[in-house]
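This chain uses plain numbering: 1 for the first residue, then up along the sequence. Fair warning: this is a prediction, and the values are worked out from it, not measured in the lab.
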Amino acid sequence: MFKINEIFTPTKPMSRITGAVRVIDTVDLKKVILIGVDENNHSAPFSFDFQEWLDLLHSDSVMKTADPYLMLSSIPKSLPIGATVRYKQVLEITSKLSMTPNLLHTRKALTTEINAIAKAMRLNSRTIKRWVFEWLKAGRNPVAAVRKFLPKDENKVIIPQKQGKKRGVSRRIGASASLAPAHEVTGNISKAYDMYVMQRRMTWRDAYHEMLIALYGIPEEAMSEQKHGLFLDRVLVEKYRVPTWTQFRYRCRCLKNEVTNQGTELPQGKRGKAADDVFGPGFFEIDATHFQIQLVSRLTKAQLVGKPTVYLIVDIFSGAITGYCVSLENPSWAVAAQALFNCFNDKGFVFKRLGLPYESKDWPCRQLPIFLRADRAELVSNMGQAFPSSGIRVEIAPSMTPEAKGTIEGKNAEIKKSQRGRFDLPGRYEKIRRRRSPDGKKTAALDIFEFERILVEIIMDINREPIAARRIPPDALLCGAKVASRIGFYEWGLEHRAGYTLTMGPNFAYEHLLTRVNAPVTPQGIHVKGEIFSCDRLRELGILITSVDNNVKISAAYNPLFASEIYFHDQKNGLWPRAFNVDPEIARLKASFAETANYRAMQNLLTEQAGLNSHAKRRQRIPVVRKIIQVAIQEKKTVNIKTSGAKAQIRENRAQERANERSPGLNGAISSAPPFPASDKKNNLASDAKTGVVRPDNVPETIAESNTMSKTKSLWEKVNAVNKH
């Protein structure tokens with residue numbers, strides 16, 4: 001019905017709700033705590049009757065609306081010094097208020113606490129009240145209090161100079177003035193700063209000189225101690241166009257400031273557990289890891305396939321694993337999307353596929369989070385950066401800081417920990433191998449299906465582990481020991497700490513997990529990444545016929561790891577039907593789009609090579625063919641053909657040629673003996689030693705060469721009889 005931190009707008013005038021409000025908290029199904037989100041009016045939180053609020057929702061008197069603070073980052077960037085001090089103060093104040101959430105239920109208690117904080121911090125109570133209200137209006141995001149100090153346009157791109165002459169005032173001594181503008185020398189200066197200053201710890205002056213020698217190739221004659229030299233000769237200045245010392249020093253200062261700003265740590269507030277500031281199930285973390293185990297092929301145990309990639313999704317509130325994915329692919333958004341799909345769906349299908357004796361109620365994790373923390377790898381990629389449009393707030397952890405997502409890092413270590421007596425897996429090896437330590441290849445015995453079954457057993461075992469005793473709330477003590485387990489605490493939180501989970505629509509996977517593309521359509525089908533896809537539904541909708549005369553594009557979604565099918569949006573019924581690759585070889589190979597691209601490239605290479613080979617052979621044989629034609633033309637010139645009565649002669653000659661072409665069997669290929677034995681050549685005649693039959697020497701001697709019919713044999717016998725007489 002509604003969730004905490006959601007924003008609602010009245011659809012008709014009301015006395016108490018005059019504009020957009022945010023749900024802050026609920027009090028024992030009696031009251032709902034709201035606060036107005038109008039930026040110009042810093043109003044205090046107020047309570048609303050719970051049943052009356054439900055009536056407003058049922059009657060559509062208030063409607064859920066978009067969060068205006070959705071794009072506000074939870075990590076401030078490059079704050080001024082004064083704003084940083086304010087941000088630390090806001091963190092301290094909001095931490096105290098978060099530890100006692102009951103203060104938000106009544107205005108008097110909140111005012112009393114704010115006055116006490118103001119007195120302790122020696123600040124004006126109105127200032128603190130304004131900060132607290134901004135924090136609540138932004139959905140408990142402390143950055144809202146320093147939002148005006150953030151860059152106005154973070155997406156603004158400063159286009160550097162790419163052409164033109166050197167800017168600035170000319171040097172008094174013209175011979176030593178460099179002619180190279182900034183866009184010519186910036187690349188080499190950055191490279192020199194990285195190699196010589198950062199890596200080799202040179203001074204800026206030495207790095208400048210080393211750059212001139214190594215990167216610009218200044219010869220020895222340009223480093224003269226006399227009047228002739230690089231900075232003394234105008235010709236050398238124009239030839240090498242090196243940067244001046246002033247240009248180099250200015251660029252080094254800019255690079256140093258960038259490194260200094262990146263290395264500055266933001267205030268982190270009070271240290272504690274990751275679950276301390278989490279109010280209920282719905283705050284997830286996702287990460288990938290390589291499981292240190294060697295797997296074998298499904299076809300035979302004699303073939304190794306390497307180590308698998310395992311994606312895990314963990315709920316911070318309970319520590320329960322809510323989703324997973326096992327693959328032999330490298331970590332990518334495509335594999336992360338499969339883990340998210342597993343997280344949002346009923347686990348009963350997983351148990352049925354793996355043949356495990358569990359039910360859906362044993363793993364009741366099929367909710368969408370309102371918050372997802374991830375690495376910079378997948379969700380910042382071109383394919384995953386559109387995922388926040390699904391309504392799930394995504395937070396990217398800083399690089400090289402595993403403590404920023406300690407919950408998921410701990411679960412990765414827990415599932416990979418060798419547990420002898422429970423899960424002693426063959427093929428395991430240490431992450432950091434010592435000398436002569438086993439690499440798991442000799443003992444490997446599990447294929448990926450068997451490993452997935454064991455991994456699910458490990459996940460179920462981890463979910464049954466107990467949570468910290470101090471984390472069990474008072475109202476959960478009557479539920480028994482089940483609530484003390486991670487999965488039991490998660491299930492209890494869905495009912496008693498609700499308001500932080502979402503539901504998945506029917507088209508969520510197509511719209512937010514698969515890769516979306518606006519694909520062109522031709523009469524052959526939908527074109528996606530060089531492949532063509534078609535189905536009967538396209539013909540029923542008439543899209544293929546429409547694309548004959550018009551440029552038609554259609555919204556499509558595909559899995560980058562499976563190139564044999566895609567899904568396209570059917571606007572008529574709102575579904576996503578499937579279209580198949582017109583090349584059946586892609587489905588047989590089960591290739592990804594990257595492998596398909598390599599397959600097409602290899603096809604093109606083979607075709608190009610065959611064309612080159614054909615041309616090379618043609619170049620060799622064309623002179624021979626031309627010679628045959630020339631000889632035939634020369635022989636033709638020595639003979640005169642009578643054209644008179646040629647038609648009758650052609651019929652007679654054609655009959656004789658056809659007779660000569662005929663042979664027993666299939667072109668003489670299956671005959672066992674030649675029609676005539678070998679003969680002696682004498683006076684252009686051939687004689688048969690046994691029969692005495694004489695035939696011309698130019699008649700073929702073997703069955704493969706002879707095309708003689710019985711009619712021709714009788715003609716030769718008559719000729720031989722005349723010769724005997």
Please check this pair: side chain of D447 against backbone of E450, looking for a donor-acceptor N/O pair closer than 3.5 Å.
yes
If you draw a 6.0 Å radius around CD in Q571, do more than 12 non-hydrogen atoms from other residues or ligands fall strictly inside?
no
Nearest heavy-atom contact between N559 and Q338 is ND2-NE2, 3.9 Å
Atom pair OG (S59) and NZ (K12), whose distance is rounded to the nearest 0.5 Å
5.5 Å
Measure across A275 and I316 and return the closest heavy-atom pair with its distance rounded to 0.1 Å.
CB-O, 3.5 Å
Counting distance only, does the side-chain N/O of K416 pair as donor-acceptor with the main-chain N or O of K411 below 3.5 Å?
no
Check: F451 ring centroid to F291 ring centroid under 6.0 Å:
yes
L299 and S297, any side-chain heavy atoms less than 4.5 Å apart:
yes
Regarding R588 and E585, does a basic nitrogen lie under 4.0 Å from an acidic carboxylate oxygen?
yes
Correct closest heavy-atom pair for L513 and F387 would be CD2-CE1, 3.9 Å
Classify the angle between the aromatic ring planes of W53 and F48 as parallel (below 30°), tilted (30 to 60°) or perpendicular (above 60°).
perpendicular
Taking the side chain from S485 and the backbone from G488, do they hold a donor-acceptor pair closer than 3.5 Å?
yes
I'd like to check S564 versus F580 (side-chain heavy atoms, cut-off strictly below 4.5 Å). Are they in contact?
no
Taking atom CZ as the centre, does F349 end up with more than 12 heavy-atom neighbours from other residues, nucleotides or ligands that are less than 6.0 angstrom away?
no
Heavy-atom nearest pair, V456 first then L354, reads CG2-CD1, 3.5 Å
Is there side-chain contact between Q367 and F344, with heavy atoms separated by less than 4.5 Å?
no
Min side-chain heavy-atom separation Y490-N463 under 4.5 Å
no
Could you check whether K405 pairs with D375 (Lys NZ or Arg NE/NH1/NH2 to Asp/Glu carboxylate O, under 4.0 Å)?
yes
Where the side chain of S327 meets the backbone of T309, is there a donor-acceptor pair that is under 3.5 Å apart?
no
Distance from W363 atom CH2 to L356 atom CG, nearest 0.5 Å?
10.0 Å
Mark yes or no for whether R22, through its side chain, and N5, through its backbone, hold a donor-acceptor pair below 3.5 Å.
yes
D583 CG to R600 CZ distance, which is reported to the nearest 0.5 Å
4.5 Å
Side-chain contact, heavy-atom cut-off 4.5 Å: Y510 with S555?
no
Parallel, tilted or perpendicular, as decided by the 30° and 60° cut-offs, for the rings of W492 and F489
parallel
Using 4.0 Å as the upper bound for N to carboxylate O, is an ion pair formed by E491 and K482?
yes
Would you mind checking if R537 and E540 are paired as a salt bridge, meaning a charged N to carboxylate O distance below 4.0 Å?
yes
On the ring face of F317, is R486 found with NZ or CZ under 6.0 Å from the centre and within 45° of the axis?
no
Please check this pair: side chain of N342 against backbone of Y324, looking for a donor-acceptor N/O pair closer than 3.5 Å.
yes
CD1 of I408 to CG of L312, rounded to nearest 0.5 Å, is 5.0 Å
Full working for side-chain contact (heavy atoms from CB on, under 4.5 Å) between D60 and T11:
CA-CA 7 Å; D60 293 334; T11 58; 5.6 Å; no
Do the side-chain N and O atoms of D315 and S318 include a donor-acceptor pair separated by under 3.5 angstrom?
yes
Would you kindly say whether Y599 and E595 are connected by a side-chain donor-acceptor distance under 3.5 Å?
no
For E134 and Y69, test the side chains for any donor-to-acceptor distance below 3.5 angstrom and give the result as yes or no.
no
Please step through side-chain contact (heavy atoms from CB on, under 4.5 Å) for the pair T26 and I33, ending with a clear verdict.
CA-CA 6 Å; T26 59; I33 310 301; over 6 Å; no
Hey, is the main chain of P331 close enough, under 3.5 Å, to the side chain of Y311 for a donor-acceptor pair?
no
Ring centres under 6.0 Å, that's the criterion: do Y558 and Y567 meet it?
no
What do the steps show when you test S390 against I392 for side-chain contact (heavy atoms from CB on, under 4.5 Å), and what is the final call?
CA-CA 6 Å; S390 63; I392 298 175; 3.8 Å; yes
Should V296 and L446 count as side-chain neighbours, where that means a heavy-atom distance under 4.5 Å?
no
Pair D67 + R393, salt bridge at N-O below 4.0 Å
no
4.5 Å side-chain heavy-atom contact, N581 and E565:
no
Find the distance between SG (C365) and CD1 (I313) and round it off to the nearest 0.5 Å.
10.5 Å
Got a salt bridge between K31 and D49, using NZ or NE/NH1/NH2 to carboxylate O under 4.0 Å?
no
Within the side chain of R539, is there an N or O that forms a donor-acceptor pair under 3.5 Å with the backbone of I545?
no
L544 side chain reached by T522 side chain, heavy atoms, under 4.5 Å:
no
Could you check F283 against I370 for side-chain contact (heavy atoms from CB on, under 4.5 Å), going step by step and ending with a plain yes or no?
CA-CA 6 Å; F283 298 85; I370 63 170; 4.1 Å; yes
State whether the number of non-hydrogen atoms from other residues, nucleotides or ligands found under 6.0 Å of N551 atom CG is greater than 12.
no
Shortest non-hydrogen contact from F533 toward A563
CE2-O, 3.3 Å
Identify the two heavy atoms, one from G282 and one from P369, that lie closest to each other, and give their separation to 0.1 Å.
O-CB, 3.0 Å
Is there a donor-acceptor contact under 3.5 Å from the side chain of N550 to the main chain of V552?
no
Measuring from E452:CD to R353:CZ, what's the distance to the nearest 0.5 Å?
4.0 Å
